[in-house]
**Q** 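Quick one: the structure is below, and I'll ask about it shortly.
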Amino acid sequence: MSKSLNQPAGTLNSEQRKAVISTEGPLLILAGAGAGKTKTITERIRHLVHTGVTPSTILAITFTNKAAKEMRERIEQRLDTCPNGRSVGRVSKQPFVSTFHSLGVHILREQATKVGIVRHFTIFDRDDSKKAVRETFLALGLDPKTYDPGRIMSIISREKGKGTSLIDYDVGEEHGNISNVVAQVWPEYEKILTRNNALDFDDLLLKTMNLLSKNSEVRAFYQQIWHYIHIDEYQDTNRVQYEISKMLVGENKNICVVGDIDQNIYSWRGADIKNILDFEKDYPNARIITLEENYRSTKTILEAANAVIEKNKIRLKKNLFTINPEGEKIGLFEGFDEVSEAAFIADKAAEFIKKGTPPKDMVVLYRANFQSRVLEETFMNRGIPYQLLGTRFFERKEVKDIVSYLRVALNPSNSSDKRRIINTPTRGIGKTTVLKIFSGNESSLPSSMQTKLENFKILLEEITKISKQKKPSETVSFIIKASGLEKEWKDSGDEGLARLENAYELSNFASRYDHEPPEEGVLNFLADAALQSDQDEMKEEQNAVRLMTVHASKGLEFNIVFVAGLEEGLFPYQKLNGENIDSEEGEEERRLFYVALTRARKKIFLSHAETRTLFGRRQVNIPSAFIFDIPETLIEEETFDEYSLPRKPLLEIDF
């Protein structure tokens, strides 16, 4: 499921080798799916170190914590070994491997005074930001049923991703009423961030870009630190990320970007395909190396993927090939409705499991989140172990409660988190009392209530003290006990025990930072907790079939892949307002299907339904045009008798 390849360890093909030894000046690596890009970057960094480059002068940026962690581990392993295989011991200072957002956190904390923020700023995750926007709706008297707060937040996020600040936001007539609402909400939203000494996800990048742009000394400082810059998934960079990467590159222009235009699937969150298309314009002396040999998939899968993607016009031509076996044909199933489609997928998954395929080697991909409901229900009824990506660990109430205690302890101005925990667990502090506290009327409270508040403040002071002295995992354990949460959960039956288990799991997560100085460890723990993605939620040890959107599957691989819901209007997706998608959006949908196909190592099943409930109504569907882009010779039809399947747990296997 990880990005591990079938390519023998320590070997490189000719194009990978060229990319590894081309260390000076700008380099664009066009890496096809499964072509060994992570291996190539790792070996390139190893080569740099073994030619005398100081490890700490190397920067590598990727897009998820999971990818960064994997790359960091690979680099550490490779730097422990000389070319002749002899161990050289741990390199004292490793390359800086990070996501863009974590890099922003690092720079902003180091340069906090220059940015005008506190070093212990709170990071608002998406849920925090949405709550803040809803708060502005209340203050402004806006109706959330008329204007969706989530949509307003997405527009603000998109504008920040383009480098637009609040004062630059243009309310053009062509935008209509929605831009006027944004213009009202955005200033109030920024006030909430300021009151809480908080930055949202987009601020981590926007403020970093502005700092590097406006302060030449700071820009020169980081250019002198990092002499060799690597950026993974370059096709997914937005305008701000693009500008940050350009400003970090020093005079020697030692920047290596890796990407695949055919996997550009995030324009809806600001990714700009022009960044990779224009790389040669930005760096006129750039070298381009294309990695086309695929180590992941069968010949059949690659032939299908190539046939699909070659219809796109916005791309740099490449053609994946492999020496892997021909492999099985692609299965195609047509169900009567989404229920029979889900039954087919569950039946096939059960069949593979009985034949010895581990559940974790399979994934069910879909275009829209709502498709997961019937799949979940069917897998549950069949007794097939599954894991749904999208229900994030760090969004669970009990986890957010513990994190809130720590965030308030480090940042007392954080009233948002303080409201959350002031009566969690119950301390007898009611809503009326909370209103008085946050309106500055605490002195009017009775002495008994003031005593409770004083005890709460003492608890926060203790957490602050311990966080500076103890390991992060010990600080989390202290919060669980000292706050009274542990006792409340133990007294709350099975649901409470489940919450307690998640709390202990949070302590385990925090132990990853125990090797760092306490204060730094806690700050890094909080940053990573806020910046977790769906992929980061995937537990490698959980032996279960994965259910996820195609977007969430990017960068992953599985032996068996099911792609559900291949119907016109669903995949390719149709806008909710009924408008047809334009040609560029159509090409992105095709790239998304290409990504789905190239997740598979051995076998793909495609499915669609004659009828499906979409947007609240049952409708008859036309099979997706993408299906017909695949040569008929590569496809075989699948059938099964839905009604012969048992309706109680099917598998008696200890996973």
Side-chain angles (χ1 to χ4, degrees), residues 144-148 150-151 154 265 268 330-350 362-384 386 388-391 545-553 561-582 585-586 588-590 592-593 596-597 604-630 635 637-648 650:
K145 293 180 180 178
T146 304
Y147 300 102
D148 176 22
R151 186 184 176 197
S154 294
I265 59 173
W268 50 275
I330 294 171
L332 176 63
F333 175 75
E334 179 181 50
F336 171 70
D337 58 13
E338 62 266 41
V339 175
S340 62
E341 178 189 46
F344 164 75
I345 293 171
D347 178 53
K348 280 295 177 185
M362 292 183 278
V363 67
V364 185
L365 303 178
Y366 37 83
R367 178 63 180 82
N369 278 307
F370 75 83
Q371 293 174 258
S372 68
R373 185 198 61 79
V374 68
L375 289 163
E376 262 199 287
E377 186 177 301
T378 306
F379 271 69
M380 192 179 300
N381 289 339
R382 300 287 194 270
I384 301 171
Y386 71 91
L388 176 69
L389 264 73
T391 305
V545 180
R546 268 54 176 186
L547 309 180
M548 67 179 84
T549 64
V550 184
H551 282 101
S553 74
V561 171
F562 298 88
V563 186
L566 279 163
E567 298 133 30
E568 290 295 310
L570 182 55
F571 199 178
Y573 202 66
Q574 183 175 332
K575 297 177 181 178
L576 292 177
N577 60 13
E579 290 181 14
N580 292 325
I581 58 177
D582 59 32
E585 291 169 328
E588 180 155 337
E589 287 293 307
R590 187 179 297 280
L592 191 60
F593 184 52
L597 294 176
I604 295 174
F605 292 95
L606 308 178
S607 61
H608 60 98
E610 293 178 25
T611 66
R612 186 184 300 271
T613 300
L614 285 174
F615 315 127
R617 61 189 181 90
R618 173 69 55 179
Q619 63 186 50
V620 178
N621 304 304
I622 301 171
S624 172
F626 295 156
I627 295 173
F628 303 105
D629 291 338
I630 300 173
I635 291 179
E637 291 190 11
E638 298 281 346
T639 60
F640 90 114
D641 181 4
E642 171 191 357
Y643 299 100
S644 68
L645 292 175
R647 285 294 184 269
K648 52 186 176 180
L650 160 71

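Every heavy atom of this structure was used, including side-chain atoms; hydrogens, water molecules and symmetry mates were not.
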**Q** Can you name the salt bridge (charged side-chain N to carboxylate O under 4.0 Å, His left out) partners of Arg151, sequence neighbours left out?
**A** none
**Q** Measure from the side-chain N and O atoms of His608 to the backbone N and O of Ser624, and report whether any donor-acceptor pair falls under 3.5 Å.
**A** no
**Q** Specify the closest pair of heavy atoms between Leu570 and Ala368, including all atoms of both residues, with the distance to one decimal.
**A** CD1-CB, 4.4 Å
**Q** Which heavy atom of Glu568 sits nearest to which heavy atom of Pro623, and what is that distance?
**A** CG-O, 3.6 Å
**Q** Does Asp148 have any salt bridge (charged side-chain N to carboxylate O under 4.0 Å, His left out) partners at least two apart in sequence or in another chain, and if so, which?
**A** none
**Q** What I'd like to find out is whether the side chain of Thr549 reaches to under 4.5 Å of the side chain of Leu365, using heavy atoms alone.
**A** no
**Q** Working note: Phe336 + Arg612, criterion side-chain contact (heavy atoms from CB on, under 4.5 Å); need CA distance, chi angles, decisive distance, verdict.
**A** CA-CA 9 Å; Phe336 171 70; Arg612 186 184 300 271; over 6 Å; no
**Q** Which residues pass the ring pair (Phe, Tyr, Trp, His ring centres under 6.0 Å) test with Phe333, not counting sequence neighbours?
**A** Phe344, Phe640
**Q** If the condition is ring pair (Phe, Tyr, Trp, His ring centres under 6.0 Å), which residues does Phe593 pass it with, not counting sequence neighbours?
**A** Phe571, Phe626
**Q** Nearest 0.5 Å, please: how far is CD1 in Ile384 from OG1 in Thr378?
**A** 9.0 Å
**Q** With rounding to the nearest 0.5 angstrom, report the CG to CD distance, Asp347 to Glu638.
**A** 10.0 Å
**Q** Any side-chain heavy atom of Glu588 within less than 4.5 Å of one from Tyr573?
**A** no
**Q** If the threshold is 4.0 Å, N to carboxylate O, is there a salt bridge linking Asp629 and Arg590?
**A** yes
**Q** Side chains of Val363 and Met548: closer than 4.5 Å at any heavy-atom pair?
**A** yes
**Q** Looking at residues at least two apart in the chain, or sitting in another chain, which of them share a side-chain hydrogen bond (donor to acceptor under 3.5 Å, both in side chains) with Glu338?
**A** Arg618
**Q** Could you go through Leu388 and Glu376, starting from their C-alpha distance and side-chain angles, then the distance that decides it, and tell me whether this counts as side-chain contact (heavy atoms from CB on, under 4.5 Å)?
**A** CA-CA 8 Å; Leu388 176 69; Glu376 262 199 287; 3.4 Å; yes
**Q** Are the side chain of Asn381 and the backbone of Glu377 linked by a donor-acceptor contact shorter than 3.5 Å?
**A** yes
**Q** Measure the shortest side-chain to side-chain distance between Ser607 and Ile345 over non-hydrogen atoms and say whether it is less than 4.5 angstrom.
**A** yes
**Q** Are Leu597 and Leu606 packed together at the side-chain level, in the sense that at least one heavy-atom pair is separated by less than 4.5 angstrom?
**A** yes
**Q** Output all residues satisfying salt bridge (charged side-chain N to carboxylate O under 4.0 Å, His left out) with Glu589, sequence neighbours left out; order by chain, then residue number.
**A** Arg367
**Q** Is a side-chain N or O of Tyr366 found less than 3.5 angstrom from the main chain of Val563, in a donor-acceptor match?
**A** no
**Q** How long is the gap from CG on Asn621 to CD on Glu567, to the nearest 0.5 Å?
**A** 4.0 Å
**Q** Could you give the distance from CG (Asp337) to CD (Glu610), rounded to the nearest 0.5 Å?
**A** 9.0 Å
**Q** Should Thr611 and Gln619 count as side-chain neighbours, where that means a heavy-atom distance under 4.5 Å?
**A** no
**Q** Between Leu389 and Arg546, is there a side-chain heavy-atom distance shorter than 4.5 Å?
**A** yes
**Q** About how many Å separate OG of Ser372 and OH of Tyr386, when rounded to the nearest 0.5 Å?
**A** 9.0 Å
**Q** Any side-chain heavy-atom pair from Glu341 and Glu334 closer than 4.5 angstrom?
**A** no
**Q** Distance check, rounded to the nearest 0.5 Å: Phe562 atom CZ versus Leu547 atom CG?
**A** 10.5 Å
